[in-house]
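Read through the structure below, which is laid out as structure tokens, and then see the notes.
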Amino acid sequence: TAGNPNLEAETSETTALGLVYTPGALAGLSFTIDWFRIEVEDAIAAQTASQILQACANRLVFCDLIDRAPSGEVLELRQAVVNLSSIEVEGVDAGARYAFDTNFGGIEAFVDVSYLERFRTSTPQPDGSIVVDDRAGLSNQPRSTFPPWKAQAGLRWDNGPWSAGWRVRYIGESDDVPGNAVTGGTIKAITYNDLQLGYEFAEPDVSLAFGVDNVADTQPPASRANNPINFDIYTYDIRGRYFYARFGMRF
């Protein structure tokens, strides 16, 4: 692992447009939607050893980071950050909230949905051309999963000192290495459920919480691209069912 003396500073431009709607006929209800586009020039990125080797073999890019013997054997590979030509990300985030009171306490429900329209990387080639790689919807490279859809939803209940919450996390399907025997070319969608129960003491000002993340102990979906680990450690829950307790005090 080394530095790169030829590295240039990156610059970016972000454009976003958002809308919030709170209908007067139903207090406590709100809707939000945000469109965004982020463009990064001379983007600085860290490439894995596999990505550097593949880029050199397939596109003759980053070959100066690899030293080979006359037989072709790799003697040394310098895993350094590099400047890509540009990265363009575009998508939409939307959400809904509804909070209301009942005879048995206050309830708040929410839904958040994210849609990834584009995650496009442009890389310069030795002949001056540009290779464009749009990663949106793909998971066919190691630790590089970009499902178009992600979402989470939940319910929270508060009644005096007691509170409870339930959250659902959703990661949509994406395209793995095509035609492989492990997944058939598709990483299936996956859902996690999290639960939490809390209690607050008035005197002293102490709060206790107990929770369980990934209640069903859902395992990460298999992935041919992430062999030999067989799943993307940066996208999916690797801990399995997880219990925790939290203690808090204000003073």
Side-chain angles (χ1 to χ4, degrees), residues 35-38 43 45-62 66 72 74 77 79 84-95 111-123 125 130-154 166-195 212-242:
W35 168 84
F36 62 89
R37 175 182 290 168
I38 305 169
Q47 302 287 289
T48 67
S50 296
Q51 289 172 327
I52 293 172
L53 288 168
Q54 290 175 2
C56 178
N58 298 332
R59 305 195 301 267
L60 299 179
V61 179
F62 307 143
I66 305 168
V74 175
L77 186 146
Q79 192 171 335
L84 304 179
S85 179
S86 65
I87 298 176
E88 182 183 355
V89 182
E90 182 179 351
V92 176
D93 294 330
V111 177
D112 292 318
V113 178
S114 296
Y115 175 70
L116 182 63
E117 170 67 25
R118 182 177 295 112
F119 196 108
R120 181 174 295 167
T121 300
S122 300
T123 306
Q125 304 299 297
I130 300 293
V131 169
V132 177
D133 182 19
D134 197 340
R135 304 294 305 148
L138 300 180
S139 56
N140 57 0
Q141 292 184 9
R143 294 169 294 282
S144 180
T145 302
F146 296 95
W149 293 99
K150 286 186 176 181
Q152 64 174 347
W166 169 46
R167 181 180 63 166
V168 179
R169 294 173 285 147
Y170 171 83
I171 302 174
E173 69 175 30
S174 53
D175 294 334
D176 193 11
V177 177
N180 70 84
V182 177
T183 64
T186 301
I187 305 294
K188 295 182 179 179
I190 194 168
T191 302
Y192 302 105
N193 287 271
D194 307 326
L195 296 174
V212 185
D213 286 351
N214 192 359
V215 175
D217 196 25
T218 303
Q219 298 301 300
S223 165
R224 173 62 181 84
N226 286 278
N227 177 59
I229 301 173
N230 296 330
F231 65 91
D232 185 348
I233 61 175
Y234 296 145
T235 302
Y236 300 99
D237 190 336
I238 65 175
R239 298 181 303 186
R241 186 184 295 115
Y242 181 77

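Since the structure is predicted, the reported quantities are computational estimates derived from the model, not experimental observations.
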(message) What I'd like to find out is whether the side chain of Val89 reaches to under 4.5 Å of the side chain of Phe36, using heavy atoms alone.
(response) yes
(request) Side-chain contact test, heavy atoms from C-beta onward, threshold under 4.5 Å: evaluate it for Val168 versus Thr191 and give yes or no. (result) yes
Spatial distance of atom [atom1] ([X]) from atom [atom2] ([Y]) [nearest 0.5 Å]:
{"X": "Ile187", "Y": "Asn140", "atom1": "CD1", "atom2": "CG", "answer": "9.5 Å"}
{"X": "Ile38", "Y": "Glu88", "atom1": "CD1", "atom2": "CD", "answer": "10.5 Å"}
{"X": "Ile233", "Y": "Thr145", "atom1": "CD1", "atom2": "OG1", "answer": "10.5 Å"}
{"X": "Leu116", "Y": "Ser174", "atom1": "CG", "atom2": "OG", "answer": "11.0 Å"}
{"X": "Asp112", "Y": "Asp93", "atom1": "CG", "atom2": "CG", "answer": "8.0 Å"}
{"X": "Ile171", "Y": "Gln152", "atom1": "CD1", "atom2": "CD", "answer": "10.5 Å"}

To check you understand the geometry: which heavy-atom pair defines the closest contact between [X] and [Y], and what is its length?
{"X": "Gln141", "Y": "Ala225", "answer": "N-CB, 3.7 Å"}
{"X": "Val212", "Y": "Val215", "answer": "O-CG2, 3.7 Å"}
{"X": "Ile190", "Y": "Pro220", "answer": "CD1-CA, 4.3 Å"}
{"X": "Pro148", "Y": "Glu173", "answer": "CD-O, 3.4 Å"}
{"X": "Ile52", "Y": "Gln79", "answer": "CD1-CA, 4.0 Å"}

(message) Could you go through Ser139 and Asp176, starting from their C-alpha distance and side-chain angles, then the distance that decides it, and tell me whether this counts as side chain to side chain donor-acceptor pair (under 3.5 Å)?
(response) CA-CA 5 Å; Ser139 56; Asp176 193 11; 4.6 Å; no
Output all residues satisfying salt bridge (charged side-chain N to carboxylate O under 4.0 Å, His left out) with [X], sequence neighbours left out; order by chain, then residue number.
{"X": "Asp232", "result": "none"}
{"X": "Glu90", "result": "Arg37, Arg118"}
{"X": "Asp217", "result": "none"}

Would you say [X]'s side chain and [Y]'s backbone share a donor-acceptor pair under 3.5 angstrom?
{"X": "Asp194", "Y": "Asn214", "result": "yes"}
{"X": "Asn180", "Y": "Val177", "result": "yes"}
{"X": "Tyr236", "Y": "Phe231", "result": "no"}

(request) State whether the number of non-hydrogen atoms from other residues, nucleotides or ligands found under 6.0 Å of Trp166 atom CH2 is greater than 12. (result) no
(request) Verify the neighbour count for atom CZ of Arg135: are there more than 12 heavy atoms of other residues, nucleotides or ligands below 6.0 Å? (result) yes
(request) Let me see the working for Glu117 and Val92 under side-chain contact (heavy atoms from CB on, under 4.5 Å), right down to the final yes or no. (result) CA-CA 8 Å; Glu117 170 67 25; Val92 176; over 6 Å; no
(request) Would you sort out whether Arg169 and Thr218 count as a side-chain contact (heavy atoms from CB on, under 4.5 Å), showing the intermediate values? (result) CA-CA 12 Å; Arg169 294 173 285 147; Thr218 303; over 6 Å; no
(message) Phe146 and ring pair (Phe, Tyr, Trp, His ring centres under 6.0 Å): which single residue from Tyr115, Tyr234, Phe119 fits?
(response) Phe119
(request) Would you sort out whether Asn227 and Val182 count as a side-chain contact (heavy atoms from CB on, under 4.5 Å), showing the intermediate values? (result) CA-CA 10 Å; Asn227 177 59; Val182 177; over 6 Å; no
